[in-house]
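Below is one structure, written out as structure tokens; comments come after it.
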Amino acid sequence: MIIDVHTHTFPDRIAKRAMQRLIEKTGNSISPASDGTLAGLLHAMRHAGVDRAVLCPIATKPEQTKDILAEACAIRDGARGEGVARHLIPLASVHPADPKWANRLRAIADADIRGVKLHPYYQAFVLDAPEAIAFFKRCCDLNLIVQCHCGFDIGFPHDPLCGPERVANVIRQVPGLRFIAAHLGGWLDWEASAKHLLGEDVYLDTSVLRHGREDPHALRLLREHDPDKLLFATDAPWMAFEDGLRFVRSAGLPPDHEAAILGGNAQRLFTISG
């Protein structure tokens with residue numbers, strides 16, 4: 001089974017506009033592999049042989065959390081179609097500046113949604129600030145998975161709010177937190193990821209985009225990090241599934257390690273049946 005733990009979609013009515021806005025924000029330096037809709041994601045998955053994908057919405061404003069949770073429940077429960085429910089695992093999202101964030105997290109846990117997606121740039125917070133640590137402790141208490149953008153961001157060309165050293169601070173202060181550090185722990189900062197995160201109790205996802213597919217430090221992370229703590233990911237639609245698969249396979253890993261990264265680890269983490 002192949003499982004991608006990091007994908008994005010937008011509602012059909014705004015997908016084209018939202019995608020164009022994000023492309024422009026990066027100075028037209030990225031090119032999507034699909035159209036950003038649920039149907040487009042499922043089509044790309046079928047074409048590449050990807051069995052499941054985790055949807056990662058981001059609450060860029062506190063008031064968006066409730067609607068994002070409602071949509072996650074609708075996707076899971078089949079309101080968006082049987083194929084969507086069968087192949088996609090939705091996360092929720094909470095804005096850390098929401099004064100009711102603790103209640104929001106409880107509502108997500110009570111709804112049996114697996115976890116939350118965070119993005120420190122789009123949500124304007126520092127990953128290891130004291131208030132963020134309190135947030136993560138609550139996630140840990142509720143057994144919520146945290147999927148978080150880490151490292152630089154192509155649309156925000158300045159020092160990372162969520163670099164690998166900050167990731168290390170979080171996981172040491174919140175033992176037991178099921179934290180997925182996207183982009184191998186730090187996009188465009190893979191040397192620092194190797195320095196601070198190799199061997200730590202943190203999941204790293206493999207969504208390096210085109211910038212990292214031949215980076216020696218990114219490949220080192222694939223080869224040397226705990227093989228049970230690596231998760232296949234593409235950040236679709238920003239990376240094609242085929243490119244993401246080629247990147248993982250380029251590391252020349254033992255077959256059992258490769259199989260764990262491509263699906264086995266995610267199957268256990270998200271309790272996905274066959």
Check: After noting the C-alpha distance and the side-chain angles of F135 and V94, does the key distance pass the side-chain contact (heavy atoms from CB on, under 4.5 Å) rule?
Finding: CA-CA 10 Å; F135 183 100; V94 174; 3.8 Å; yes
Next item on the list: Just do the salt bridge (Lys or Arg N to Asp or Glu O under 4.0 Å) check on E200 and K229 with the steps written out, would you?
Entry: CA-CA 9 Å; E200 295 291 344; K229 295 286 186 177; over 6 Å; no
Notebook entry, point to check: Please walk me through it: do R268 and N265 pass side chain to side chain donor-acceptor pair (under 3.5 Å)?
Noted result: CA-CA 5 Å; R268 288 190 298 274; N265 296 335; 2.5 Å; yes
Note to self: For D12 and T37: C-alpha separation, side-chain torsions, deciding distance, then whether side chain to side chain donor-acceptor pair (under 3.5 Å) applies.
What the structure shows: CA-CA 6 Å; D12 288 357; T37 64; 4.5 Å; no
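Annotation for C56 and H6: closest pair SG-CA, 3.9 Å, computed over non-hydrogen atoms. Here the closest non-hydrogen pair linking G155 and D153 is N-OD1, 2.8 Å. Counting all heavy atoms, side chain and backbone alike, I261 lies closest to P227 at CG1-O, 4.2 Å. Shown here for Q147 and V5, the closest heavy-atom pair between the two residues is NE2-O, 3.3 Å. Of all non-hydrogen atoms in F232 and G244, the two that sit nearest each other are CE1-C, 3.4 Å. Of all heavy-atom pairs between K117 and I58, the closest is CG-CG1, 3.8 Å.
Checked by atom type and distance alone, the side chain of W238 never pairs as donor or acceptor with a backbone atom of A33 at under 3.5 Å. Formation of a donor-acceptor pair under 3.5 Å by the R138 side chain with backbone atoms of L105 is not found in this model. With hydrogens and angles ignored, the 3.5 Å screen pairs no side-chain donor or acceptor of H183 with any backbone N or O of G185. Side-chain atoms of Q64 come within 3.5 Å of backbone N or O of T60 as a donor-acceptor pair. Put simply, the side chain of T234 never gets that close to the backbone of S207: no donor and acceptor are under 3.5 Å apart. Put simply, the side chain of Q123 never gets that close to the backbone of L118: no donor and acceptor are under 3.5 Å apart.
Taking the side chain as every heavy atom from C-beta outward, V248 and L262 approach each other to under 4.5 Å. You'll find the side chain of R220 reaches within 4.5 Å of the side chain of L198, heavy atoms only. At a threshold of 4.5 Å between non-hydrogen side-chain atoms, the residues L221 and W190 count as touching. At least one side-chain heavy atom of R76 sits under 4.5 Å from a side-chain heavy atom of D112. Contact of the I180 side chain with the L204 side chain is not registered, since no non-hydrogen atoms from C-beta on lie closer than 4.5 Å. Taking the side chain as every heavy atom from C-beta outward, E165 and K195 never approach each other to under 4.5 Å.
Sorted by first and then second residue, the side-chain hydrogen bond (donor to acceptor under 3.5 Å, both in side chains) pairs with a member in residues 41-58 read H47-E242; sequence neighbours excluded.
Ring geometry for Y122 versus F156: interplanar angle over 60°, hence perpendicular rather than tilted (30 to 60°). Using a 30° and 60° split on the angle between ring planes, F136 and F179 fall in the perpendicular class, above 60°.
Ion pair R104/D98 flagged as a salt bridge, since at least one NZ, NE, NH1 or NH2 atom sits closer than 4.0 Å to an Asp/Glu carboxylate oxygen.
Note on L144: it clusters hydrophobically with L127, by side-chain heavy-atom contacts below 4.5 Å among ILVMFWY residues.
Under the side-chain hydrogen bond (donor to acceptor under 3.5 Å, both in side chains) criterion, R114 pairs with no residue at all, not counting sequence neighbours. Under the rule for a side-chain hydrogen bond (donor to acceptor under 3.5 Å, both in side chains), H217 has no partner lying at least two apart in sequence or in another chain.
In this structure, a donor-acceptor pair under 3.5 Å is absent between the side chains of D235 and H149.
The only option from D189, V202, N169 that meets the side-chain contact (heavy atoms from CB on, under 4.5 Å) definition with P164 turns out to be D189.
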